[in-house]
Amino acid sequence: MGLNRKDLLGVKDLTVDEIRLILETAGPMKDIIGRQIKKVPTLRGKTVINLFYEPSTRTRTSFELAGKYMSADTINISTSTSSVVKGETLKDTAKTLEVMGADVVVIRHAAAGAPHILSKHLSAAVINAGDGFHEHPTQALLDMFTIKEKKGSISGLKVAIVGDILHSRVARSNIWGLTKMGAEVRVVGPSTLIPPEVEKLGVTTFTSLEEGLRDTDVIMVLRIQLERQQKGLFPTIREYARHYGVTAERVRLARPDALVMHPGPINRGVEIAPEVADGIQAVINEQVTNGVAVRMALLYLLAGGGNPHEAIS
């Protein structure tokens with residue numbers, strides 16, 4: 001069974017059953033990553049194009065590995081080496097990708113809504129790998145997969161998302177996904193970095209990190225983008241770290257078995273203390289592995305279909 005949709009553009013539009021299907025499919029895909037020979041013929045003959053208008057080593061590499069592990073032909077196109085620098089529009093790019101015989105196009109773009117525009121002009125499946133401040137659905141899905149793997153279930157958990165909620169597509173996608181799956185979501189940060197009316201999304205806001213972390217099951221730390229400080233959204237990096245840095249002492253306010261997560265790359269000593277990032281409660285490295293598994297699941301569901309357990313044999 002595949003997804004009943006051509007594209008994966010955001011978590012906001014996914015149903016609970018679709019999220020569940022993606023997470024269940026990622027399980028057998030993770031088994032492939034653990035093998036000595038990480039290769040199955042599932043997507044042989046399929047072409048996956050990674051179209052990145054923004055630099056992103058982690059996400060692009062993750063999609064590239066996902067395609068290669070499933071024997072797809074994987075092509076990377078970055079804007080610095082493409083016709084985009086000459087003024088080519090997304091519509092023109094779509095026509096070019098169509099002619100190239102793309103089966104799946106993975107796009108990251110600085111403009112919110114760019115994957116949606118591309119999908120309208122392309123018969124291939126389109127996967128949103130991050131669009132502006134809008135969504136980053138595959139990051140949220142790998143985060144949910146990690147939580148489910150560690151906790152058994154998402155429903156009923158208390159999850160604190162800490163940091164720059166205002167500009168974070170990771171936070172937005174996780175809020176949509178986690179609330180749909182039955183988690184109690186808290187957003188924590190300076191009032192200048194929390195969107196107005198965010199509580200309409202079904203979350204609780206905290207400007208005190210200590211209060212926000214109390215009795216939580218999962219602490220999801222967001223990367224602080226240092227340019228925000230230059231725009232005056234918080235006084236200094238040192239001040240942010242003092243009030244909102246996730247330290248070992250603050251982690252102890254959460255439940256003893258709380259998970260600590262971070263989408264990476266990490267600013268050690270700013271949003272998270274080194275001893276927390278490297279501590280036994282951190283699942284940051286596992287998030288990277290799970291990212292490949294979830295992206296394999298999505299490529300399979302959008303371009304392959306069938307039984308995921310048969311796909312790994």
Side-chain angles (χ1 to χ4, degrees), residues 23 26-35 38 57-59 61-62 65 136 138-165 168 170-171 173-175 177-178 181-189 206 208-224 237-238 240-295:
L23 302 187
M29 297 303 165
K30 190 172 180 180
D31 293 340
I32 297 169
I33 301 170
R35 294 178 182 178
K38 303 171 178 63
T57 305
R58 281 169 183 252
T59 304
T61 304
S62 185
L65 285 172
H136 194 348
T138 61
Q139 179 68 46
L141 288 162
L142 77 87
D143 290 341
M144 286 189 280
F145 179 76
T146 306
I147 293 168
K148 189 171 183 293
E149 190 177 53
K150 291 291 182 184
K151 295 292 188 182
S153 174
I154 296 170
S155 182
L157 296 180
K158 292 184 175 72
V159 181
I161 305 176
V162 182
D164 184 357
I165 313 296
S168 175
V170 173
S173 288
N174 266 301
I175 288 168
L178 290 166
M181 299 306 286
E184 177 193 309
V185 180
R186 306 171 177 187
V187 294
V188 189
F206 291 85
S208 161
L209 181 58
E210 286 76 11
E211 286 179 32
L213 294 187
R214 204 173 301 281
D215 298 322
T216 51
D217 300 284
V218 180
I219 303 168
M220 195 175 283
V221 188
L222 300 174
R223 182 174 71 91
I224 279 294
I237 296 297
R238 182 179 293 179
Y240 180 88
R242 192 158 70 86
H243 289 286
Y244 294 100
V246 176
T247 60
E249 184 182 359
R250 285 166 170 160
V251 169
R252 284 194 283 273
L253 295 168
R255 293 178 65 84
D257 59 349
L259 305 178
V260 177
M261 309 179 76
H262 193 300
I266 297 169
N267 293 310
R268 289 170 182 267
V270 180
E271 70 264 6
I272 189 168
E275 65 269 20
V276 176
D278 300 325
I280 57 170
Q281 289 173 263
V283 291
I284 298 167
N285 289 334
E286 287 171 73
Q287 285 176 268
V288 177
T289 304
N290 291 342
V292 179
V294 164
R295 286 160 181 142

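- Contact check for Arg186 versus Thr216: side-chain heavy atoms found under the 4.5 Å cut-off.
- Counting heavy atoms from C-beta on, the side chains of Pro265 and Arg223 come closer than 4.5 Å.
- Across all non-hydrogen atoms, the minimal contact from Gly269 to Ala241 is O-CB, 3.6 Å.
- Counting only heavy atoms from C-beta outward, the side chains of Thr247 and Val251 never approach each other to under 4.5 Å.
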Inset, instruction - Apply the test side-chain contact (heavy atoms from CB on, under 4.5 Å) to residues Leu259 and Lys151: give CA-CA distance (whole Å), side-chain angles for both, the deciding distance (0.1 Å), then the verdict. - result: CA-CA 9 Å; Leu259 305 178; Lys151 295 292 188 182; 3.9 Å; yes
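- Looking at Gln287 and His262, their side chains never bring a donor and an acceptor atom within 3.5 Å of each other.
- When all heavy atoms are compared, the tightest approach of Ile175 to Val187 is CD1-CG1, 3.9 Å.
- Nearest heavy atom pair, residue Ala160 against residue Val188, reads CB-CG2, 4.4 Å.
- Note that CD of Gln139 and OG of Ser173 are 9.0 Å apart. Values are rounded to the nearest 0.5 Å.
- Once rounded to the nearest 0.5 Å, the distance linking OG of Ser155 with CG of Leu178 reads 11.0 Å.
- A side-chain donor-acceptor contact under 3.5 Å links Gln281 to the backbone of Ala258.
- Looking at residues two or more places apart in sequence or on another chain, you find a side chain to side chain contact (heavy atoms under 4.5 Å, CB included) between Arg255 and Asp217, Asp257.
- To the nearest 0.5 Å, atoms OH (Tyr244) and CG (Asp164) are separated by 12.0 Å.
- Listed here is the closest heavy atom pair of Pro263 and Leu222: CD-CA, 4.5 Å.
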Legend entry - Verdict with reasoning, Thr138 to His136, per side-chain contact (heavy atoms from CB on, under 4.5 Å): CA-CA 6 Å; Thr138 61; His136 194 348; 3.7 Å; yes
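- Within the 4.5 Å cutoff, the side chain of Met261 has no heavy atoms near those of the Val221 side chain.
- With respect to Arg268 and Asp278, a salt bridge is recorded, a charged nitrogen being found less than 4.0 Å from a carboxylate O.
- Residue Lys38 qualifies as enclosed at atom NZ: its count of foreign heavy atoms under 6.0 Å is above 12.
- To the nearest 0.5 Å, the span separating CG on Leu142 from OG on Ser62 amounts to 7.5 Å.
- With a 4.5 Å cut-off on side-chain heavy atoms, Met220 and Val260 do not count as touching.
- Two residues are said to be in side-chain contact when any heavy atoms from C-beta on lie closer than 4.5 Å; Arg295 and Met29 fail this criterion.
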Inset, instruction - May I have the step-by-step check of side-chain contact (heavy atoms from CB on, under 4.5 Å) for Ile161 and Val218, ending in yes or no? - result: CA-CA 8 Å; Ile161 305 176; Val218 180; over 6 Å; no
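- Here the side chains of Ile154 and Met144 are in contact, with some heavy-atom distance below 4.5 Å.
- Using a 4.5 Å cut-off on side-chain heavy atoms (C-beta onward), Asn290 and Asp143 make no contact.
- For Arg250 (side chain) and Gly245 (main-chain N/O), a donor-acceptor pair under 3.5 Å exists by modelled atom type.
- Side-chain atoms of Glu271 and Asn267 include a donor-acceptor pair closer than 3.5 Å.
- Taking CG of Leu157 as the reference point, atom CD1 of Ile147 lies at 7.0 Å (rounded to 0.5 Å).
- Rounded to the nearest 0.5 Å, atoms CZ (Arg242) and CG (Leu209) are 13.0 Å apart.
- Listed by chain and residue number, nothing satisfies the ring-ring contact (aromatic ring centres under 6.0 Å, His included) test with Phe145 (two or more places apart in sequence, or in another chain).
- Nearest heavy-atom pair across Ala293 and Ala26 is CB-O, 3.7 Å.
- Other residues, nucleotides and ligands contribute more than 12 heavy atoms inside 6.0 Å of the NZ atom of Lys30.
- The two residues Val246 and Val276 come nearest to each other via the heavy atoms O-CG2, 3.6 Å.
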Inset, instruction - Give the intermediate values and the outcome of side-chain contact (heavy atoms from CB on, under 4.5 Å) for residues Val288 and Ile284. - result: CA-CA 7 Å; Val288 177; Ile284 298 167; 5.6 Å; no
